[in-house]
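Because the structure is predicted, anything quoted here is derived from the model rather than measured. Quick note: residue numbers are just sequence positions, from 1.
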Amino acid sequence: MLICKRIEVPLMASKKTHAYYAALSAFSGSTLEFYDYYVYALASALIIGKIFFPVQDALAADLASYSTLAAGFLARPLAGAVFGFLGDKWGRKKVLTITVVLMGTATMGIGLLPSYATLGIAASIALVLLRILQGISVGGEWGGSVLMASEHATPKWKIFAASFAQLGSPAGMLVALSAFQLANGFGEGVFFAWAWRLPFLMGGVLALGCFFLRCKLNETPEFLAMQSGEIPSSLHLGQKLKGCWLNIFYAGCAVVVGSAGFFFMNTFLLGYATRYILIPRDVILNALFIATCFQLVTQPLAALIAKKVGEFIFLVASALFCLFLPYPVFICLQTHDTFLIICAITTAIVALSGFYAVIAGYIAQAFPVLSRYSAISIAYQSSAALISGFTPLIGTLIASYYAENWLPLALFFSVLALVSIFGVLGINRSFKK
């Protein structure tokens, strides 16, 4: 019987420089993957509804656009299970080279896809299929990047090393925002005519570079150590995960605010602020850009602080802060003061990023090497499919029902933080057994 508990695997001989390179490679690869995914998230708030779902009702167009965003998330749990199993069987490196090819193909495909005006309903269907392909690639990407960084590190630095894979999120977002700012600089008419495609096309080119980078990676020492042991290669996924399901549930809950919270702040809020509060699109894009610059600097610092004070204490404190975070954010949005809006969004993004930086490495240590890729992928991607992918859609429905009353939206965000607190407490309890 396999017992799912926290274990230490002896690290095979490897130089510190190799560990640094692995962390840097995980950062670079995840940056490109997150770029591709955020490009679509931003486009869903700005352009997708108008290009592929040209209906008279603006709300219906927004809902259709966010539904395609959610469609990509629905593909992620199955992809996480499949790629996680393959990653535990074949190794982390092989799976990571596959996922980046899939992502690049899907992203460039969206950039080349004719509009609804040209293909009709076929364009909308093709868009959904490409979004699902994006979701499949991310389903296998996240867990592999986290493990590529953490499993090359020494035991004391595993959670910090895993934060470099998480650092790909702000870096990818920063590049995506820059790409859309560039496209937006052509003017509104050109942007809606063709310039919105440029960020997608650039994503395909970047993915090609990421593929060559990952081909140079070595397999992780922990996986090689496990592979050289007496572990039966014929074990199927259910056998590998025997005894792990409660921890998978806790891990899925734990990541909620770090994942769904970002889609609330950098995707839903973009559409909400421009539509309901009438804040210019450029103001929100600039605020997100500044916030993401701060995130890129503060996220590794948060991982270092967590290492000093203890990851459990840091995660609970961060989630509690996020619990009260949305109320001042919405109050600042109502002022229409650009400085206050930038400060509020920056504070929110930095707070979320601190939690996000630490949570991946924390939950990874709750599972043995044998099933780690599968377990954290299923946990994270199931959470993403059930909650994160629907966050902009749920937010839009709440906003349409309550109109200018932002309190229900703030309460919704607080619930996301409460779910994460519950998950972190559950994982911590399993560590003590």
Side-chain angles (χ1 to χ4, degrees), residues 6 8-9 11 14-31 34 142-174 220-222 251 254-259 261-262 265 290-323 325 343 345-367 372 376 380 417 420-421 423-425 427-428 431:
R6 188 178 188 176
E8 298 289 348
V9 177
L11 192 64
S14 61
K15 297 180 180 179
K16 287 185 178 180
T17 52
H18 196 177
Y20 297 151
Y21 178 74
L24 201 60
S25 298
F27 164 69
S28 301
S30 63
T31 295
F34 276 111
W142 180 83
S145 291
V146 168
L147 297 185
M148 183 59 71
S150 66
E151 290 184 356
H152 273 288
T154 57
K156 290 184 179 180
W157 290 95
K158 287 188 178 299
I159 293 178
F160 176 74
S163 73
F164 277 82
Q166 300 291 74
L167 196 60
S169 175
M173 182 65 173
L174 199 60
T220 71
E222 289 192 37
V255 301
V256 163
V257 77
S259 177
F262 272 114
M265 289 294 172
I290 293 170
T292 308
C293 288
F294 274 94
Q295 180 189 356
L296 193 62
V297 175
T298 60
Q299 191 164 310
L301 293 178
L304 282 175
I305 293 171
K307 184 178 181 297
K308 294 290 185 183
V309 303
E311 288 84 2
F312 171 69
I313 294 173
F314 181 87
L315 286 170
V316 172
S318 298
L320 283 172
F321 184 76
C322 292
L323 186 69
L325 186 64
C343 288
I345 292 178
T346 299
T347 301
I349 295 296
V350 168
L352 288 167
S353 70
F355 183 93
Y356 185 73
V358 179
I359 192 62
Y362 188 73
I363 65 171
Q365 297 310 300
F367 303 99
R372 188 175 290 162
I376 67 171
Y380 184 85
S420 283
I421 293 172
V424 171
L425 292 174
I427 289 291
N428 183 65
F431 283 163

Do [X] and [Y] make a side-chain contact, defined as non-hydrogen atoms from C-beta onward lying under 4.5 Å apart?
X: Phe262; Y: Ile349; value: yes
X: Leu425; Y: Phe312; value: yes
X: Tyr380; Y: Ile359; value: no
X: Phe367; Y: Ile376; value: yes

What are the two closest non-hydrogen atoms of [X] and [Y], and how far apart are they?
X: Ser420; Y: Ala254; value: OG-O, 3.0 Å
X: Gly354; Y: Ala302; value: CA-CB, 3.6 Å
X: Phe314; Y: Val309; value: CB-CG2, 4.1 Å
X: Ile427; Y: Ala251; value: CD1-N, 3.8 Å
X: Val257; Y: Cys322; value: CG2-CB, 4.2 Å
X: Leu174; Y: Thr292; value: N-CG2, 3.7 Å

Which pairs count as side chain to side chain donor-acceptor pair (under 3.5 Å) when at least one residue sits in residues 299-316, sequence neighbours excluded?
Gln295-Gln299

Rounded at 0.5 Å granularity, tell me how far [atom1] in [X] sits from [atom2] in [Y].
X: Phe294; Y: Cys343; atom1: CZ; atom2: SG; answer: 8.5 Å
X: Leu315; Y: Leu320; atom1: CG; atom2: CG; answer: 11.0 Å
X: Ile290; Y: Ile345; atom1: CD1; atom2: CD1; answer: 9.5 Å
X: Ser318; Y: Leu323; atom1: OG; atom2: CG; answer: 12.5 Å

Under 3.5 Å donor-acceptor, Ser353 side chain and Val350 backbone:
yes

Sequence-distant partners of Phe160, ring-ring contact (aromatic ring centres under 6.0 Å, His included), two or more places apart:
Trp157, Phe164

